[in-house]
Amino acid sequence: MLNVTKKIDGKVAVITGGASGIGLAIAQTFAAGGAALALFDRNAEALASAAADLKDAGARVMTAVVDVTDSASVKQGFADVVNTFGTVDILVNSAGIIRMDEDGVRDRVKHLDMLTTPGPKQSLRVTSQMTDKEWLGNLDVNLNGTFYCLREALKIMEENQSGRIINMASQAGISAIAAHSPHYTAAKAAIVGLTKCVAHEVAPAGITVNCIAPGYVTSPPFLKGVERMGDERRARLMQIIPAGRFAAPEEIGAIALFLASDDASYMIGQVVSPNGGVVI
Ligand code: NAD
């Protein structure tokens, strides 16, 4: 287990998207910080494997196969957590889809080439070609899923008059870093707005709401996508990152632990952006 001070000892943390990447790294950090974990994910197999590893490392873990786009499934997930652990103290909304499939990589490459190749520029033609299905599908997971989980957690936290909510936005929601993904960008910008608005609403009840807006993080889908881009483009992508590297998921875990702990009791509606200096 990581060497982390037990800053959230005995707290109950729900982590959506907890079976992989950033969500899993946050789960590992929170376990080391002393929390009991409830992992939500739609991928049952990955969920079981993540939970087994965490239990082996000594964590208290339960899992729920939840599709965050289905509000009934989200409601059931939170009911299961209350049945098992009695309450919810912390929610991390990390479930999401980063666009690293074949089409996503094609559009990323077009964007990177537009930024880094000399000569005449052309429109990326992403938004004009986007289908309703692609647009709505992305918003459903990345935005609606965040809202459904936030809503259920608040019902419990408002009763408790305390709680910590951490939403996963992205540098994409702050700048044009993901100009190849307008739906993702819109969803993440909306998460920033939602975070600020709800943070004011519930601060008087002792509940803090903040978001993390990472740059490039080496989760499994990100690494797979970068591999598809090829070595030369990977090197060019690296050139636009002042830190000269991608972030490790654990680096996001450390920020989430801070925001979930008493150290962050005066952080209300903030956007913390570990982006390696990328601000395009
Ligand atoms: P990941 O694929 O490793 O993790 C996402 C998890 O969410 C997966 O386990 C997946 O099964 C789950 N998930 C997806 N849709 C779901 C649904 N409908 N219901 C329940 N679970 C669902 O990806 P990641 O890169 O770790 O991404 C985690 C979060 O971080 C996302 O919100 C993403 O937008 C955000 N983010 C990632 C990066 C990056 O570079 N990797 C950068 C900025 C923000």
Side-chain angles (χ1 to χ4, degrees), residues 1-2 4 6-98 141-142 144-157 163-168 211-212 214 217-222 248-257 259-261:
M1 209 174 268
L2 300 169
V4 166
K6 293 212 176 300
K7 288 187 175 206
I8 49 174
D9 207 13
K11 301 287 184 189
V12 176
V14 171
I15 303 171
T16 75
S20 175
I22 295 172
L24 177 56
I26 292 173
Q28 288 160 344
T29 310
F30 279 14
L37 307 173
L39 307 184
F40 288 5
D41 207 287
R42 69 176 171 188
N43 184 337
E45 209 178 309
L47 203 49
S49 152
D53 289 348
L54 284 157
K55 276 182 191 157
D56 283 350
R60 283 175 73 205
V61 190
M62 65 159 282
T63 60
V65 179
V66 169
D67 180 346
V68 296
T69 66
D70 174 354
S71 60
S73 167
V74 168
K75 210 171 185 168
Q76 185 59 52
F78 276 89
D80 292 348
V81 180
V82 172
N83 276 338
T84 305
F85 288 138
T87 194
V88 173
D89 301 301
I90 301 163
L91 166 67
V92 179
N93 272 313
S94 190
I97 37 173
I98 61 168
V141 181
N142 287 322
N144 295 347
T146 296
F147 165 68
Y148 294 143
C149 294
L150 180 71
R151 180 171 63 183
E152 289 313 310
L154 283 177
K155 289 175 190 168
I156 300 163
M157 292 176 182
R164 291 273 191 274
I165 295 178
I166 300 158
N167 295 323
M168 203 53 66
C211 65
I212 305 177
V217 186
T218 57
S219 63
F222 179 80
E250 296 69 33
E251 293 180 276
I252 315 305
I255 294 167
L257 179 65
L259 290 173
S261 74

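- Here the side chain of Asp67 pairs no donor or acceptor atom with the backbone of Arg42 at under 3.5 angstrom.
- Between Leu259 and Ile212, the closest side-chain pair of non-hydrogen atoms falls below 4.5 Å.
- Looking at Asp41 and Thr16, their side chains never come closer than 4.5 Å, going by heavy atoms from C-beta outward.
- The backbone N or O of Thr69 lies less than 3.5 Å from no partner atom in the side chain of Asn144, so there is not a single donor-acceptor pair.
- Between the side chain of Asn142 and the backbone N or O of Ile97, at least one donor-acceptor pair lies under 3.5 Å.
- One distance of note links OG of Ser49 with CG of Asn43; it measures 9.5 Å at 0.5 Å rounding.
- When all heavy atoms of Ile90 and Ala260 are compared, the closest pair comes out as CD1-CB, 4.0 Å.
- Listed here is the closest heavy atom pair of Cys149 and Phe78: O-CZ, 3.6 Å.
- One finds the OG atom of Ser94 at 10.0 Å from the CG atom of Leu24 (value rounded to the nearest 0.5 Å).
- Looking at heavy atoms from C-beta onward, Met168 lies in side-chain contact with Ile252 at the 4.5 angstrom threshold.
- Side-chain contact between Ile8 and Leu257 is present, with at least one heavy-atom pair separated by less than 4.5 Å.
- We find the CG-CZ distance between Leu91 and Arg151 to be 13.5 Å, quoted to the nearest 0.5 Å.
- For the pair Leu39/Leu54, a side-chain contact is recorded, criterion being any heavy-atom separation below 4.5 Å from C-beta on.
- Shown here for Ile15 and Ala27, the closest heavy-atom pair between the two residues is CD1-CA, 3.4 Å.
- Met62 places a side-chain heavy atom less than 4.5 Å from the side chain of Asp80.
- With contacts defined as side-chain heavy-atom distances shorter than 4.5 Å, the pair Ser219/Ile98 qualifies.
- When atom types are taken as modelled, the side chain of Thr146 and the backbone of Asn93 share no donor-acceptor pair closer than 3.5 angstrom.
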Please lay out, stage by stage, how Val82 and Thr87 fare under the test side chain to side chain contact (heavy atoms under 4.5 Å, CB included).
CA-CA 5 Å; Val82 172; Thr87 194; 5.8 Å; no

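- Partners of Lys155 under the side chain to side chain donor-acceptor pair (under 3.5 Å) rule, at least two apart in sequence or in another chain, are Glu152.
- Without hydrogens or angle criteria, Arg60 side chain to Leu37 main chain gives no donor-acceptor distance under 3.5 Å.
- When every heavy atom of Phe30 is checked against every heavy atom of Ala13, the shortest pair comes out as CD2-CB, 3.7 Å.
- For the pair Met157 and Asp89, the minimum side-chain heavy-atom distance is 4.5 Å or more.
- Smallest separation of non-hydrogen atoms from Ala38 and Val81: CB-CG2, 3.6 Å.
- Distance alone, capped at 3.5 Å, places no donor-acceptor pair between the Gln76 side chain and the Ser73 backbone.
- Heavy-atom minimum distance, Ala59 versus Ala31: CB-CB, 3.7 Å.
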